[in-house]
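Residue numbers start at 1 and run along the sequence shown. Computed from a predicted structure; not experimentally measured.
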Amino acid sequence: MSTRVRSLCLVVAVVVGFATIETTTTAASAARKHLRLDTSLRAAIESGAHDAQRVIIRVRPDARAAVRRSLAAHGDAVLAEHESIDAITAVVGADELEALASDDAVVGISQDAVVRPHGLLGLVGGVVGGVVNVVGNVVGILLPNGADTSGPVVAPAVLRQTLGVDSTSWAGRGVGVAVIDSGLEMSSEFSNRITASYDFRNGASLSIAPTDEYGHGTHVAGTIGGSGALSYNAAYHGLAPKVKFVVLKVLDGTGAGFTSDVIRAIDFAVANKSALGIDIINLSLGHPIYEPAATDPLVQAVERATRAGVIVVAAAGNYGKNPTTGATGYGGITSPGNAPSAITVGAVKIQNTVPRDDDRIADYSSAGPTWYDAFVKPDVVSPGHNIIAAAAKKGYLYQTYPQLKADDADYMLLSGTSMATAVTTGSIALLLEANRSANGYPARPSLTPNAVKAILQHTALSIHDDAGLEYDPLREGAGSLNAKGAIDLGRAVDTSAPTGTLWLTSSPSPWTKIGGDYLSWNQTVIWGSTVIWGSTVTVNQPAWASTVIWGSQVSWSNTVIWGSSNLVWTDPQSWATTVIWGSDSIGTSYGDTVIWGSTGGISAQTIGWKSLGGGTTATSTVNANSIVKNP
């Protein structure tokens with residue numbers, strides 16, 4: 001601990017010593033109230049704001065009706081109810097928040113935050129209905145004007161080849177994907193493959209014909225599984241061109257929506273999982289983290305979906321670099337990418353080449369740790385830059401930004417962790433089909449969400465920076481997506497094997513040939529703050545059950561806790577700066593150390609922007625409470 005930090009602690013101790021019992025009690029009471037509010041709402045109170053706030057109020061069991069009546073008595077508009085989490089979405093005045101938080105029936109109050117796609121680098125602003133009218137400048141959204149379309153455009157065939165699935169016979173047959181996004185513009189790309197389409201915007205729940213006024217959802221769906229019907233010889237088909245889609249619209253024509261609508265869409269997907277054949281939910285959207293994962297309503301919706309057996313793939317976010325200085329930073333993961341059981345995906349630039357050696361993690365791709373919880377995220381990284389997929393030709397993006405159009409005008413290119421998420425979802429669809437085919441599904445069960453994540457991580461490949469140094473796990477997770485390797489391993493998994501027994505019917509070689517190179521699997525699984533090495537996935541572990549929250553307390557062998565420098569870091573002397581996971585001041589810099597706190601939300605001021613240039617030698621010691629990062 002630095003002298004400055006010790007001094008601050010002493011000052012606080014002295015001040016507290018002089019406090020009266022009454023003051024202490026009052027402060028404790030106020031603290032309890034504030035603990036029920038997320039940081040964005042606390043900030044609204046502290047600023048003296050009186051504007052109406054759109055909030056999600058979580059209440060105690062059986063108290064929802066009473067709280068609803070109380071809101072109505074105050075003239076507060078109730079917009080939606082969420083039975084799955086005992087919550088109410090309502091509009092209340094900022095000056096009412098403290099009183100509401102003091103109600104013993106209330107468990108917590110969260111901002112009904114505006115969510116946006118994670119695939120639009122540079123585009124800011126927008127208008128949505130309801131209380132929030134203008135969305136401010138969002139750090140992580142990259143597109144027009146000054147779009148980040150730098151580097152070569154990735155041909156769909158090259159994308160498939162670098163993932164090792166261009167010649168595969170797998171196409172996602174029998175797999176259903178719920179795309180929770182801006183909708184979908186119908187074309188022959190999706191003919192006869194839309195199982196259902198619903199509009200959840202502004203509290204609605206309407207069965208509608210698919211439309212996409214913005215264009216993001218269509219691109220995501222096309223990346224996952226467009227048929228390529230609009231292209232010559234179907235060359236522009238997506239990764240899993242036989243999947244079926246459930247289109248759940250939550251974003252408007254500006255690409256904005258509300259958290260509460262996303263929660264309702266997730267709950268709908270879970271409730272109709274069997275009826276609509278939903279295996280995967282794709283969430284290429286999110287908002288800054290304002291509270292711990294355990295109280296974040298969106299995160300908890302994702303966790304419920306996972307426990308129900310639905311695989312949830314979420315974007316890490318595009319908060320990876322300082323928009324002013326260009327320096328890369330840590331701690332930029334967005335919600336629901338901080339959901340422990342979600343498969344959270346960062347973005348890779350693949351340079352339109354099949355070999356992996358020139359792949360780099362996009363500087364805009366968010367890195368961990370997650371705010372409050374210090375979870376290691378993302379889980380994997382995947383191609384996400386300049387990805388070509390079906391265009392919503394009537395949508396805002398296509399109509400407004402001609403530079404996004406591909407050579408074939410029926411397609412467009414987008415960049416971001418949205419696209420990386422879609423690529424991962426399409427790859428998972430192939431994995432599910434391959435595993436089910438080998439297992440005789442449905443006589444034997446399908447892979448659980450946790451097992452799918454473990455397979456993706458175990459088969460992931462190394463990825464390094466321009467200096468040839470492997471990215472650290474807070475940037476790359478377990479490594480770069482290896483779809484072919486995942487399929488090879490997944491085909492060998494006997495899902496009917498009893499828990500605790502070997503479940504591989506064969507022993508796939510732990511390498512994959514891509515672009516003429518034989519690439520070794522990383523063979524690691526990141527379990528919360530633990531790295532599990534070696535042959536973990538050869539056994540049907542208790543951890544692979546859907547009911548187990550990823551990262552929870554499970555006994556492992558061959559494990560490494562963060563900070564074991566001889567294994568986690570191949571060359572500790574190459575690291576120049578340290579990120580400490582603690583409860584001190586957020587983002588406060590003491591020399592080369594960035595202290596991370598347990599309060600506050602992500603912003604340009606709180607992300608740890610540090611220069612990655614130079615080659616100084618670290619003098620600090622890595623320990624269980626710290627992570628070192630690339631110079």
Inset, instruction - Check the pair Gln457 / Asp379 against side chain to side chain contact (heavy atoms under 4.5 Å, CB included), numbers first and verdict last. - result: CA-CA 7 Å; Gln457 290 196 335; Asp379 295 298; 3.4 Å; yes
Minimum side-chain heavy-atom gap [X]-[Y] below 4.5 Å:
X      : Y      : value
Arg307 : Ile549 : yes
Leu298 : His287 : yes
Phe245 : Ile224 : yes
Ile266 : Val312 : no
Val452 : Leu432 : yes
Ser260 : Leu79  : no
Val59  : Val107 : no
Val220 : Met419 : yes

Pairwise distance [atom1]([X]) to [atom2]([Y]) - rounded to 0.5 angstrom:
X      : Y      : atom1 : atom2 : result
Ile88  : Asp76  : CD1   : CG    : 10.5 Å
Arg116 : Leu285 : CZ    : CG    : 11.5 Å
Arg68  : Glu81  : CZ    : CD    : 4.5 Å
Thr344 : Ile333 : OG1   : CD1   : 6.5 Å
Ser182 : Leu397 : OG    : CG    : 8.0 Å
Gln111 : Thr259 : CD    : OG1   : 7.5 Å

Would you say [X]'s side chain and [Y]'s backbone share a donor-acceptor pair under 3.5 angstrom?
X      : Y      : answer
Asn450 : Ser546 : no
Trp371 : Tyr290 : no
Thr417 : Gly346 : no
Arg475 : Ala367 : no
Ser335 : Gly286 : no
Thr421 : Val313 : no
Asn338 : Thr370 : no
Arg36  : Ala101 : yes
Asp212 : Tyr214 : yes
Asp261 : Gly203 : yes

Inset, instruction - I would like to know whether Ile56 and Thr89 meet side chain to side chain contact (heavy atoms under 4.5 Å, CB included); could you show each step before the answer? - result: CA-CA 4 Å; Ile56 300 172; Thr89 296; 3.8 Å; yes
Legend entry - Under 3.5 Å side-chain donor-acceptor pair for His216 and Ser418: yes
Legend entry - Criterion side chain to side chain donor-acceptor pair (under 3.5 Å) on Asn282 and Thr425, from CA distance to verdict: CA-CA 7 Å; Asn282 189 96; Thr425 293; 2.7 Å; yes
Inset, instruction - Just say parallel, tilted or perpendicular for the rings of Trp527 and Trp544, cut-offs at 30° and 60°. - result: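 Perpendicular: the ring planes of Trp527 and Trp544 meet at over 60°.
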Legend entry - side chain to side chain contact (heavy atoms under 4.5 Å, CB included) evaluation trace for Val247 with Val179: CA-CA 5 Å; Val247 179; Val179 177; 5.7 Å; no
Search all heavy atoms of [X] against all heavy atoms of [Y] and return the closest pair with its distance.
X      : Y      : value
Ala316 : Pro378 : CB-CB, 4.3 Å
Ala429 : Val175 : O-CG2, 3.6 Å
Thr218 : Leu184 : OG1-CA, 3.4 Å
Arg264 : Ser205 : NH1-CB, 4.1 Å
Pro61  : Asp86  : CA-OD2, 3.9 Å
Asp38  : Leu41  : OD1-N, 2.9 Å

Inset, instruction - Mind checking salt bridge (charged side-chain N to carboxylate O under 4.0 Å, His left out) for Asp296 and listing every partner two or more places apart, or none if nothing turns up? - result: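 For Asp296, no residue satisfies salt bridge (charged side-chain N to carboxylate O under 4.0 Å, His left out) once neighbours in sequence are set aside.
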Inset, instruction - Mind checking salt bridge (charged side-chain N to carboxylate O under 4.0 Å, His left out) for Asp267 and listing every partner two or more places apart, or none if nothing turns up? - result: Arg304
Legend entry - Ion pair check, Arg64 and Asp62, cut-off under 4.0 Å: no
Inset, instruction - Using the side chain to side chain contact (heavy atoms under 4.5 Å, CB included) rule, take Ile180 and Phe268 through it: C-alpha gap first, then chi angles, then the decisive distance, then the call. - result: CA-CA 11 Å; Ile180 300 179; Phe268 174 89; over 6 Å; no
Inset, instruction - Can you spot which of Lys249, Glu185, Lys394 makes a side-chain hydrogen bond (donor to acceptor under 3.5 Å, both in side chains) with Thr211? - result: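 For Thr211, the side-chain hydrogen bond (donor to acceptor under 3.5 Å, both in side chains) check succeeds only for Lys249.
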